[in-house]
A.B. asks: 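Okay, handing you the structure first.
Just follow the structure's listing: the first ligand is 1, and inside any ligand the first atom is 1.
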Amino acid sequence: MAVRYELLKQCKQSGARLGRLHTPHGVIETPIFMPVGTLATVKTMSPEELKEMDAQIILSNTYHLFIRPGHEIVKEAGGLHKFMNWDRPILTDSGGFQVFSLGDLRKITEEGVQFRSHLSGEKLFLSPEKAMEIQNALGADIIMAFDECPPYPAEYEYVKNSTERTYRWLKRCKEAHGRPEDQALFGIVQGGEYRELREESARQLVDLDLPGYAVGGLSVGEPHEMMFEILGYTTPLLPKDKPRYLMGVGSPEALIQGAILGIDMFDCVLPTRIARNGTTMTSEGRLVVRNAKFTRDFGPLDPNCDCYTCRNYSRAYLRHLIKADETFGLRLTTYHNLYFLLNLMHQVRQAIMEDRLLDFRDEFMMKYYGTLN
Ligand SMILES: CNc1nc2cc3nc[nH]c(=O)c3cc2[nH]1
Ligand SMILES: [Zn+2]
């Protein structure tokens, strides 16, 4: 089977668990953060640097690669792993979310979605079948069902109809999936902010006995507390012996809280995106290194970090590079931010091992945010 989840330990203090996800391209220790490599590259990082910081799986995007360079090109290159020289696991999102958030959406029908490319304006069409064709061509180890991520807020009736259609689309994805033996198809729980819709969606997906389950429709502008409340009653409905993936999350606090609520996999563009404007995550909270106060600060970005950036360069040097728009500056802040989140998840796994994840959360929140919540 394409992907096998091994539950190693249930945390005694919370819903968190320690696991291992076995895939055709290697083993992933969970809970895990997945760096996002939308266009077949984790922006400014080389595969060697990603391995150096212990990135075990990365994401790429069906929508973007479908538009450029086209999935047929990637297939001819031997698939995404070969094309980008990454021999560890890859997960691709199905394109639904990107169409809704990027493309100039024209129309949603039972068949699929019509949209215009955000690059060429060309009229394009994505459907469950097309999303499977593209992801089968790209060859990621984990592929996502084609779904609609309803906007937030959205009326009950809209979310109900959308979630029911997403379920029908999931069944079509399962039908159209051409490589189930080496690519695991994960379903995506929807339902918006409505508990009965979330519970119905989770129940229907579990009945399909999929290799993994994502919780979708979150991190779309809803209040933090609402996201955690929804996770609180949705995650327990998902099988313990399967991985749970919270899509598009997130901040250090959300990663820790998500793990406490039983989430195993996270992805977010935050660390790479904010790095490119000189904003970094450090053990004492966010630090905007382009700020004038660091002009003569010759200490490390984060005194408690042992990453390549923090061991070799000063805040003054980083500030200079970012101000001068030097590409090397973006590389150094990106390296540190990714390392910070990957290392945070390493500490979360350690805390689960020692049954002290809640204590770890309180310590981390005090240092990073200066408050307990
Ligand atoms: C940045 N926030 C965010 N990124 C997402 C990606 C998604 N993909 C498929 N389906 C989703 O519901 C979904 C939700 C998401 N929220
Ligand atoms: Zn660092």
Side-chain angles (χ1 to χ4, degrees), residues 34 36 38 49 52-54 59-64 91-102 113 126 128 131 135 142-152 154 159 162-163 165-167 169-170 173 185-193 197-198 201 205 213-222 224 227 230-231 234 245-251 254-255 258 263 265-275 280-284 287 289 299-315 318 331-344:
M34 305 183 283
V36 176
T38 298
E49 286 164 331
E52 206 175 80
M53 61 173 84
D54 193 27
L59 245 77
S60 237
N61 258 302
T62 297
Y63 167 87
H64 292 83
L91 181 151
T92 44
D93 194 352
S94 58
F97 182 79
Q98 285 73 32
V99 167
F100 294 107
S101 57
L102 266 178
V113 289
L126 268 181
Q135 293 185 86
I142 299 172
I143 64 176
M144 302 310 293
F146 185 71
D147 66 333
E148 180 189 1
C149 171
Y152 174 81
V159 176
S162 164
T163 302
R165 181 174 49 211
T166 286
Y167 175 60
W169 283 355
L170 169 59
C173 286
L185 171 65
F186 280 21
I188 305 175
V189 175
Q190 294 293 353
E193 61 183 289
L197 297 182
R198 284 275 172 188
S201 175
L205 265 59
Y213 297 90
V215 181
L218 293 174
S219 188
V220 287
E222 77 286 357
H224 249 51
M227 176 169 82
I230 291 168
L231 283 181
T234 304
Y245 165 26
L246 176 55
M247 304 186 85
V249 174
S251 68
L255 293 186
I263 297 293
M265 301 161 74
F266 302 86
D267 87 273
C268 188
V269 294
L270 191 74
T272 37
R273 182 168 294 170
I274 63 173
T280 61
M281 302 169 173
T282 75
S283 51
E284 270 98 41
L287 187 152
V289 79
L301 178 63
D302 184 345
N304 302 311
C305 178
D306 58 356
C307 86
Y308 170 71
T309 299
C310 296
R311 277 185 287 107
N312 296 290
Y313 305 94
S314 70
R315 290 171 175 179
L318 289 174
R331 281 177 31 75
L332 290 173
T333 51
T334 298
Y335 189 108
H336 167 80
N337 280 356
L338 284 175
Y339 184 97
F340 181 83
L341 281 190
L342 290 166
N343 189 42
L344 172 62

A.B. asks: On a heavy-atom basis, which atom in Glu193 and which in Ile230 lie closest, and how many Å separate them?
C.D. replies: CA-CD1, 3.9 Å
A.B. asks: Starting from atom 12 (O) of ligand 1, what is the nearest protein heavy atom, named by residue and atom, and what distance separates them?
C.D. replies: Gly217 N, 2.7 Å
A.B. asks: Give the residue, atom name and distance (to 0.1 Å) of the protein heavy atom nearest atom 16 (N) of ligand 1.
C.D. replies: Leu218 O, 2.8 Å
A.B. asks: Does Thr38 reach the main-chain N or O of Asn61 with its side chain, forming a donor-acceptor pair under 3.5 Å?
C.D. replies: no
A.B. asks: From Cys149 SG over to Phe97 CZ, what is the distance, rounded to the nearest 0.5 angstrom?
C.D. replies: 5.0 Å
A.B. asks: Examine ligand 1 and decide if any of its atoms is less than 4.0 Å from a heavy atom belonging to Gln98.
C.D. replies: no
A.B. asks: Say whether Asp302 and Ser283, considering side chains only, have a donor N or O and an acceptor N or O under 3.5 Å apart.
C.D. replies: yes
A.B. asks: Closest N/O/S atom of His336 to the Zn ion (ligand 2), by atom name?
C.D. replies: ND1
A.B. asks: Between the side chains of Tyr335 and Glu52, is a donor N or O closer than 3.5 angstrom to an acceptor N or O?
C.D. replies: yes
A.B. asks: Provide the number and element of each atom of ligand 1 under 4.0 Å from a heavy atom of Gly216.
C.D. replies: 11 (C), 12 (O)
A.B. asks: Go through ligand 1 atom by atom and flag the ones less than 4.0 Å from a non-hydrogen atom of Ser219.
C.D. replies: 1 (C), 2 (N), 3 (C), 16 (N)
A.B. asks: Considering only protein heavy atoms, which is closest to atom 10 (N) of ligand 1, and at what distance to one decimal place?
C.D. replies: Asp147 OD2, 2.7 Å
A.B. asks: Among all the protein's non-hydrogen atoms, which is closest to atom 8 (N) of ligand 1, and how far away is it?
C.D. replies: Asp93 OD2, 2.9 Å
A.B. asks: Which angle, to the nearest 10 degrees, do you find at the Zn ion (ligand 2) between SG in Cys305 and SG in Cys307?
C.D. replies: 110°
A.B. asks: Which is it for Tyr339 and Tyr308 under the ring pair (Phe, Tyr, Trp, His ring centres under 6.0 Å) test, yes or no, and what are the steps along the way?
C.D. replies: CA-CA 9 Å; Tyr339 184 97; Tyr308 170 71; over 10 Å; no
A.B. asks: Given His336, which of Pro300, Cys305, Pro271 fulfils the side chain to side chain contact (heavy atoms under 4.5 Å, CB included) condition?
C.D. replies: Cys305
A.B. asks: As an exercise, identify every atom of ligand 1 less than 4.0 angstrom from a heavy atom of Gly248.
C.D. replies: 1 (C), 2 (N), 3 (C), 4 (N)
A.B. asks: List the closest protein heavy-atom neighbour of atom 13 (C) of ligand 1: residue, atom name, distance to the nearest 0.1 Å.
C.D. replies: Phe97 CD1, 3.6 Å
A.B. asks: Just one of Leu170, Ile143, Ile142 clears the side chain to side chain contact (heavy atoms under 4.5 Å, CB included) bar with Phe186, so which one?
C.D. replies: Ile142
A.B. asks: Determine whether the side chain, the backbone, both or neither of Met144 has a heavy atom under 4.0 Å from any heavy atom of ligand 1.
C.D. replies: neither
